Amino acid sequence: MELENNTQFSEFILLGLSDEPEVQPVLFGIFLSMYLITVLGNLLIILATISDPHLHTPMYFFLSNLSFSDICFTSTTVPRMLANIHLQSRAISYASCLTQMYFFILFAELDIFLLSVMAYDRFVAICHPLHYTAIMHPRLCGLLLLLSWILSVLDSMIRGLLVLRLSFCAHVRIPHFFCEINQVLQLACSDNLLNMIEMYFATVLMGIIPLSGIAFSYSQIVSSILRMTSAKGRYKAFSTCGSHLSVVSLFYGTGLVVYLSSAATQNNRATAIASVMYTVVTPMLNPFIYSLRNKDIKEALRSFVSKAPFKPFALG
């Protein structure tokens with residue numbers, strides 16, 4: 001098969017989640033609903049933390065940034081998928097595919113770093129409560145957020161530039177609903193060894209190291225909680241960490257299942273369906289997880305809704 005230079009390559013074909021025409025309207029309705037819930041839920045978290053002075057703390061500062069990242073993370077894939085279903089077109093240009101890949105990696109890694117920083121914040125709050133305000137001062141919080149952005153932007157930029165050097169065969173078909181980097185690399189007709197090396201290196205740097213930091217933080221947190229003599233103190237500590245630990249487990253758990261299953265099976269369509277969990281479902285559930293048992297968030301949301309000019313619903 002004749003190779004085309006990557007600068008002349010015109011478009012990819014996204015095969016999506018199903019080939020059945022009658023399934024497309026159902027998929028459109030489901031993903032549109034999930035996307036709207038994701039945007040609304042995370043936007044409410046952001047507005048609540050901004051409007052309530054009681055939530056101007058490091059924990060809620062990072063939570064609002066995680067909500068913003070989740071909105072952007074989902075927005076890199078779902079709107080394009082909805083547009084393709086509505087227009088009955090599966091084509092995506094080379095430039096659009098590369099742009100989608102860049103922002104998907106950026107916000108996925110930003111999520112990872114923010115979850116790691118939030119684990120460190122809980123570690124300081126529970127293991128070193130007397131020094132919490134001195135350690136987690138606004139300047140450090142700003143630096144941690146800036147560092148998370150810089151690392152995410154740099155790695156996504158490096159991956160994008162490495163993809164630019166690849167050539168692809170004509171009529172490239174991606175068995176996914178977005179330009180997932182693993183699938184794109186497998187379709188390259190030129191040598192992709194450098195890309196694969198960078199991808200494995202980035203997996204260790206951006207995935208395993210932050211996860212190890214989270215595991216260490218929670219091992220220390222659990223140890224400190226078990227040493228507490230007050231049952232009320234233990235409950236409060238578990239309550240403040242439970243939501244974050246649930247989100248970490250959901251995000252990493254579904255992500256690992258997808259990548260391990262993709263390595264074990266050649267069923268790319270099944271992998272694409274499974275990837276919906278961490279790309280769409282997890283960002284949608286995060287606002288519910290954080291607000292379900294958090295009285296501060298509930299009060300802030302109730303106060304925000306009561307002050308809004310339109311009150312379509314009431315928080316119970």
Side-chain angles (χ1 to χ4, degrees), residues 38-39 41-75 106-129 131-153 155 206-207 209-218 220-221 224 236-252 255 278 282-301 304:
T38 301
V39 173
N42 284 285
L43 188 60
L44 283 174
I45 294 290
I46 295 172
L47 294 174
T49 55
I50 292 175
S51 63
D52 192 335
H54 296 95
L55 301 185
H56 293 175
T57 63
M59 182 175 74
Y60 295 110
F61 169 74
F62 293 122
L63 175 59
S64 62
N65 279 277
L66 179 67
S67 294
F68 171 77
S69 179
D70 279 341
I71 291 174
C72 297
F73 182 49
T74 307
S75 297
L106 191 160
F107 290 111
E109 292 182 350
L110 184 60
D111 265 14
I112 291 172
F113 287 125
L114 287 174
L115 289 172
S116 304
V117 171
M118 292 171 73
Y120 174 71
D121 173 73
R122 292 299 83 204
F123 161 73
V124 176
I126 294 174
C127 299
H128 305 282
H131 304 285
Y132 179 74
T133 54
I135 296 174
M136 298 302 296
H137 52 80
R139 181 178 297 179
L140 178 62
C141 294
L143 288 174
L144 289 173
L145 178 62
L146 179 62
L147 181 62
S148 300
W149 271 99
I150 290 174
L151 291 175
S152 302
V153 168
D155 184 61
M206 308 295 184
I209 292 178
L211 182 59
S212 301
I214 293 173
F216 173 78
S217 296
Y218 274 100
Q220 298 301 306
I221 289 171
S224 296
K236 184 177 180 181
F238 273 121
S239 180
T240 57
C241 295
S243 299
H244 178 255
L245 195 56
S246 299
V247 171
V248 170
S249 302
L250 189 61
F251 183 81
Y252 271 98
Y278 79 96
T282 299
M284 180 185 68
L285 293 180
N286 284 356
F288 297 99
I289 293 174
Y290 277 111
S291 60
L292 189 63
R293 296 177 60 187
N294 192 312
K295 292 182 179 179
D296 294 333
I297 289 289
K298 286 183 178 179
E299 289 297 326
L301 288 172
F304 175 78

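These figures come from a predicted structure and were not determined experimentally.
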Can you list the residues that meet the salt bridge (Lys or Arg N to Asp or Glu O under 4.0 Å) rule with D52, with sequence neighbours excluded? none
Which of these, N42, D70, D111, sits in a side chain to side chain donor-acceptor pair (under 3.5 Å) with N286? D70
So which atom in F73 and which in F251 form the shortest heavy-atom distance, rounded to 0.1 Å? CE2-CE1, 4.4 Å
Give the minimum heavy-atom separation between A48 and L55, together with the two atoms involved. O-CD1, 3.8 Å
Rounded to the nearest 0.5 Å, what's the gap from OG on S116 to CD1 on I214? Could you check? 4.0 Å
Quick check: closest heavy atoms across N65 and L145, and the distance to 0.1 Å? OD1-CD2, 3.5 Å
Looking at side-chain heavy atoms only, is the closest gap between F113 and L147 below 4.5 Å? no
Sequence neighbours left out, cut at 3.5 Å: what donor-acceptor pairs do the side chains of residues 133-143 make with other protein atoms?
| residue | atom | partner | partner atom | Å |
| --- | --- | --- | --- | --- |
| H137 | ND1 | R139 | N | 3.4 |
| H137 | ND1 | L140 | N | 3.1 |

Contact between C72 and F68 at the side-chain level, heavy atoms closer than 4.5 Å - yes or no? yes
Beyond-backbone contact of I50 with S64, side-chain heavy atoms, under 4.5 angstrom: no
Between H244 and Y290, what is the ring plane arrangement, given parallel below 30°, perpendicular above 60°, and tilted in between? tilted
Can you give me the closest heavy-atom contact between L66 and M118, atom names plus distance? CD2-SD, 4.0 Å
Does the side-chain contact (heavy atoms from CB on, under 4.5 Å) test come out yes or no for L115 and F62, once each step is laid out? CA-CA 8 Å; L115 289 172; F62 293 122; over 6 Å; no
At their closest point, which heavy atom of I221 faces which heavy atom of A119, and how far apart are they? CD1-O, 4.3 Å
Any chance the rings of H128 and F123 have centres within less than 6.0 Å? yes
Run the side-chain contact (heavy atoms from CB on, under 4.5 Å) test on V117 and S148 for me, step by step, so that the C-alpha distance in whole Å, both residues' side-chain angles and the decisive distance to 0.1 Å come before the verdict. CA-CA 9 Å; V117 171; S148 300; 4.1 Å; yes
Would the distance check show the side chain of S152 and the main-chain N or O of L110 forming a donor-acceptor pair, the cut-off being under 3.5 Å? yes
Answer yes or no: is there a side-chain heavy-atom contact under 4.5 Å between S69 and L114? yes
Would you find more than 12 non-hydrogen atoms of other residues, nucleotides or ligands less than 6.0 Å from H56 atom NE2? yes
Considering the options V39, T74, V247, L250, which one meets the side chain to side chain contact (heavy atoms under 4.5 Å, CB included) requirement together with P283? T74
Between atom CZ of F288 and atom CD1 of I45, what is the distance when rounded to the nearest 0.5 Å? 9.5 Å
Do Y132 and I126 have side chains that approach each other closer than 4.5 Å (heavy atoms only, starting at C-beta)? no
Could you check if a side-chain atom of L144 sits within less than 4.5 angstrom of a side-chain atom of D121, using non-hydrogen atoms only? no
Side chains of I71 and F107: does their closest heavy-atom pair fall under 4.5 Å? no
